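Here's the structure we're looking at; comments come further down.
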Amino acid sequence: MACCYQVSLGGGIVAVAASSFPVNSKLKPFPALKAELPKPMASDLSPDRSIFHDASSSNPRRDLVFIVNPRGANGRTGKDWKKLLPYLRSRLDKNCNICESLTSGPYHAIDITREAIREGADAVVAVGGDGTLHEVVNGFFWAGKPVAIHNREATRSTALGLIPLGTGSDFARTLGWKNDPHEAIDRIAKGLRSPVDVGVITGESEEESHYFINVADIHLSAKAGYFASRYKRFGNLCYVIGALQAFMGHKNQDLRIKVNEGEWETCSLVTALCIGNAKYFGGGMKITPNADPSSGNFEVVILQDFKWYDFILKLHRLYNGTHLSVKNVSSRSVFSIEVEDISGSGSIYVQSDGEHLGFLPRKFADASYSHSSDGKIAAGDSVERRGAHEFAPAVMKYLT
């Protein structure tokens, strides 16, 4: 049986407005959250009784929650964060209530984010690399819906912020941000919000729903990302090591794709297929150079019949984003795409935002999606499709 992934996207915002996200109602919680997660660990920045003021009070101060992975980048993130705290206090203490929460393991940032939104945080700020950002983005949703604030009368929704520290900050590159945490704090101090699109991946079962803000990819690049995660201690060199290891035993595969609910077409000898909401992945590789995270569309780039020496000869073009003119490379703008593994081998790797999601499955549940009334989500008319893995859209806002 063929294996299939589907991707769709809608308009968005880049300060996360959790209370206003249109999302696919069929989406389910992120599977790892079924296990009980540890509670956030408050630092000396946290107020004595509650991390937030009463949302009904007239207190004009903004409530900011900073989620830090202290073990990121082999512990460098935690050390850099401590050095950054004096500057953060000097810029934000006057107008903000600051809460620091340190993660204690995988997926903890998701749990912290959801609690912060429910308590009425003005913004949740991911401190670290793309992995921490990815978890925070997933924390804005639960059971296929945006997490809602407990106070129904609140008029201000929660925004997403980012202070880039860690191994990779590919999403920040798309926005033109330098890897400078002091500049990031200055942006947060301004409190301005901008829109961004968010993709949603739905897998074989509805419980495999997964959100991404940067790039989702299939086959060789996803396999390389899987191996690269084992070598994070080497910094960005881990991506090169991962790619070399991924090529061992790699075989290009014939895939079928359906774009924007059109007709199925066959793509022969696919090496990698990348769905870009943003431009960069793999430590600065500009894989989807025309992607715009506020356009309402993905850029899909397909590499076909690449040999190991093609990557060596063309690696510089992949990093500077000039590879679209290379032979056997194609690009298109889409709002939805389905991809089938014709062989049904179950060996096709899939990842999003550098996080391994597993493999294209051999069996599928029917999936459907429908347009929201405001047209911000690629949905519509209960279209059924066999074995669809959806990358459906949602709307978020971030601090610019």
Side-chain angles (χ1 to χ4, degrees), residues 14-16 39-53 55 59-104 108-113 115-117 119-137 139-140 156-173 175-194 196 213 396-400:
V14 183
V16 182
K39 296 298 182 182
M41 297 183 293
S43 75
D44 60 327
L45 293 177
S46 302
D48 293 336
R49 299 183 61 184
S50 172
I51 60 175
F52 311 119
H53 67 71
N59 189 342
R61 293 170 64 86
R62 298 160 58 205
D63 297 317
L64 304 182
V65 178
F66 294 84
I67 299 180
V68 186
N69 174 14
R71 300 171 184 83
N74 299 314
R76 191 171 68 249
T77 298
K79 295 176 181 178
D80 290 345
W81 171 245
K82 289 181 180 179
K83 296 176 183 177
L84 195 62
L85 284 177
Y87 184 76
L88 182 140
R89 289 191 182 101
S90 69
R91 294 289 284 115
L92 301 177
D93 259 353
K94 182 178 179 180
N95 300 312
C96 301
N97 298 316
I98 301 171
C99 173
E100 174 195 35
S101 288
L102 307 180
T103 61
S104 59
H108 192 192
I110 299 176
D111 192 44
I112 300 171
T113 300
E115 184 62 24
I117 294 170
E119 292 295 325
D122 186 85
V124 177
V125 182
V127 181
D130 291 320
T132 302
L133 176 64
H134 179 75
E135 287 195 17
V136 170
V137 167
F140 274 85
R156 184 81 165 168
S157 56
T158 304
L160 171 70
L162 172 63
I163 296 179
L165 291 175
T167 305
S169 300
D170 283 321
F171 184 71
R173 287 186 178 95
L175 300 176
W177 295 351
K178 297 178 182 178
N179 196 28
D180 185 340
H182 295 87
E183 289 188 6
I185 292 173
D186 292 340
R187 285 191 296 269
I188 292 169
K190 294 177 183 177
L192 302 178
R193 299 183 174 205
S194 300
V196 71
I213 197 170
M396 302 183 74
K397 293 182 180 179
Y398 74 100
L399 298 171
T400 57

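On a predicted model such as this, the values are computed, not experimentally measured, just so you know.
- The main-chain N or O of T77 is never found under 3.5 Å from a side-chain atom of R71 such that the two would form a donor-acceptor pair.
- N179 places none of its side-chain heavy atoms less than 4.5 Å from the side chain of R173.
- When the side chain to side chain donor-acceptor pair (under 3.5 Å) test is applied to N95, no partner is found at least two apart in sequence or on another chain.
- Going from atom CG of L165 over to atom CG of D80 covers 5.5 Å, rounded to the nearest 0.5 Å.
- Annotation: side-chain contact (heavy atoms from CB on, under 4.5 Å) contacts of K178 (sequence neighbours excluded): D180, E183.
- Expressed to the nearest 0.5 Å, how far SG of C99 lies from CG of L64 amounts to 10.0 Å.
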### Query
Stepwise, does the side chain to side chain contact (heavy atoms under 4.5 Å, CB included) test hold for L84 with I163?
CA-CA 10 Å; L84 195 62; I163 296 179; 4.0 Å; yes
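- Side-chain contact between D186 and Y87 is present, with heavy atoms from C-beta onward closer than 4.5 Å.
- With a 4.5 Å cut-off on side-chain heavy atoms, E115 and D111 do not count as touching.
- Atom CZ of F66 sits about 7.0 Å away from atom CD1 of I185, to the nearest 0.5 Å.
- If you take CG on L162 and CG on L133, they are separated by 5.5 Å, rounding to the nearest 0.5 Å.
- Summarising the geometry, atom CG belonging to N69 is positioned 8.0 Å from atom CD belonging to E135; distances are rounded to the nearest 0.5 Å.
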### Message
What verdict does the side chain to side chain contact (heavy atoms under 4.5 Å, CB included) test give for V196 and F171, after you've listed the backbone C-alpha separation in whole Å, the side-chain angles of each residue and the deciding distance to 0.1 Å?
### Response
CA-CA 11 Å; V196 71; F171 184 71; 3.9 Å; yes
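- When all heavy atoms of R62 and I188 are compared, the pair lying nearest together is NH2-O, 3.1 Å.
- Looking at L102, T113, T103 one by one, the single match for side-chain contact (heavy atoms from CB on, under 4.5 Å) with H108 turns out to be T103.
- Under a 4.0 Å N-O distance rule, the pair R193/D122 qualifies as a salt bridge.
- For the atom pair OG1 (T132) and CD1 (I110), the distance works out to 11.0 Å, reported to the nearest 0.5 Å.
- Test I213, V125, V124 against L160 for side-chain contact (heavy atoms from CB on, under 4.5 Å) and you get one pass: I213.
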